[in-house]
Amino acid sequence: MDSGGQSLSTQLEDALAIVAREAPLHFARMRRQVGELTALIRVGEAPPMKLLFTEGPPWVRPGATGSVEVSLSRADLARLLRGELTIDEGIVSGAVQVRSQVDHLLRWFDGLASWLHGALRSPSLPALHHQFFSTGQTTPVRPKGNLTC
């Protein structure tokens, strides 16, 4: 796995673990909503990342297929994370490509919304968000003390 892909998968795994630890009710709700569905996320040229929540951690693994498949560029992922692009806008514009059965996609988006509600309440997530935009950093951020969102 290239360093960019490793960094993204490590950051995604860390983001999931942070919400599981700091907003466990939201994480549990997301797990119930998503159930056995898997998501395959492709970001640019990085190797695909498969998300599976019936087991784990680790929840992020190498993969080739998923119940929900999402593809986007690293630049569009950065736009999403900066709040410059919504998922809906990305899908309509073609910046975010999604392939799935409609019922799977709706369950996945419900789970994503629950996870995001937990992420907004997680004091450690801003440091990980900052890490995404820092260049050359491939190791997880472990902030000391409490950070505010």
Side-chain angles (χ1 to χ4, degrees), residues 1-23 26-27 29-31 33-122 124-143 147 149:
M1 193 179 282
D2 68 20
S3 63
Q6 185 177 28
S7 176
L8 285 174
S9 64
T10 298
Q11 290 174 359
L12 181 55
E13 183 74 32
D14 283 354
L16 294 168
I18 286 169
V19 174
R21 182 179 65 245
E22 297 178 7
H26 293 87
F27 191 83
R29 181 176 177 156
M30 180 269 305
R31 279 182 102 166
Q33 290 167 312
V34 171
E36 77 288 347
L37 295 179
T38 58
L40 187 74
I41 301 175
R42 291 181 182 92
V43 179
E45 299 300 315
M49 299 174 284
K50 187 172 191 167
L51 279 68
L52 173 68
F53 297 106
T54 56
E55 305 171 15
W59 298 292
V60 181
R61 303 170 186 174
T65 61
S67 309
V68 176
E69 297 184 7
V70 179
S71 300
L72 68 163
S73 70
R74 188 168 174 97
D76 288 325
L77 175 59
R79 290 175 55 211
L80 281 168
L81 291 174
R82 282 192 303 265
E84 298 170 357
L85 177 71
T86 67
I87 293 173
D88 296 349
E89 292 168 342
I91 291 171
V92 170
S93 72
V96 177
Q97 291 121 36
V98 179
R99 190 173 74 180
S100 180
Q101 295 178 20
V102 172
D103 61 326
H104 290 176
L105 186 60
L106 293 175
R107 282 178 50 203
W108 181 257
F109 282 145
D110 285 345
L112 178 61
S114 292
W115 183 85
L116 287 170
H117 284 210
L120 291 172
R121 289 159 176 78
S122 298
S124 299
L125 213 58
L128 190 61
H129 185 265
H130 175 72
Q131 174 189 330
F132 176 82
F133 293 104
S134 299
T135 57
Q137 198 169 1
T138 59
T139 56
V141 170
R142 301 284 186 237
L147 299 176
C149 293

Can you classify the ring geometry of Phe27 versus Trp59 as parallel (below 30°), tilted (30 to 60°) or perpendicular (above 60°)? tilted
Please find the pair of heavy atoms, one from [X] and one from [Y], that lie closest to each other, and give the distance.
| X | Y | result |
| --- | --- | --- |
| Pro48 | Leu40 | CB-CD1, 3.7 Å |
| Ser93 | Gly90 | OG-O, 3.2 Å |
| Gly56 | Arg31 | O-NH2, 4.5 Å |
| Met49 | Leu8 | SD-C, 3.9 Å |
| Thr54 | Gly35 | CG2-O, 3.3 Å |
| Met30 | Gly111 | CG-O, 3.0 Å |

To the nearest 0.5 Å, tell me how far [X] [atom1] sits from [Y] [atom2].
| X | Y | atom1 | atom2 | result |
| --- | --- | --- | --- | --- |
| Glu89 | Glu84 | CD | CD | 11.0 Å |
| Leu125 | His130 | CG | NE2 | 13.5 Å |
| Lys50 | Ser9 | NZ | OG | 15.0 Å |
| Glu22 | Ser124 | CD | OG | 3.5 Å |
| Trp115 | Ser122 | CH2 | OG | 7.5 Å |
| Arg74 | Asp76 | CZ | CG | 12.5 Å |

Donor-acceptor pair, [X] side chain versus [Y] backbone, under 3.5 Å?
| X | Y | answer |
| --- | --- | --- |
| Ser73 | Gly44 | no |
| Arg121 | Ala23 | no |
| Arg79 | Ala75 | no |
| Thr38 | Leu51 | no |

Walk me through whether Glu69 and Arg42 qualify under side chain to side chain contact (heavy atoms under 4.5 Å, CB included). CA-CA 8 Å; Glu69 297 184 7; Arg42 291 181 182 92; 3.6 Å; yes
Got a salt bridge between Arg61 and Glu55, using NZ or NE/NH1/NH2 to carboxylate O under 4.0 Å? yes
Is the shortest side-chain heavy-atom distance between [X] and [Y] below 4.5 Å?
| X | Y | result |
| --- | --- | --- |
| Leu80 | Leu72 | yes |
| Val68 | Val70 | yes |
| Leu16 | Asp14 | no |
| Val98 | Leu105 | yes |
| Leu81 | Leu77 | yes |
| Leu106 | Val102 | yes |

Classify the side-chain pair Ser114/Gln33 by whether it contains a donor and acceptor separated by less than 3.5 Å. yes
Taking everything shown except Arg82 itself, do over 12 heavy atoms lie less than 6.0 Å from its CZ? yes
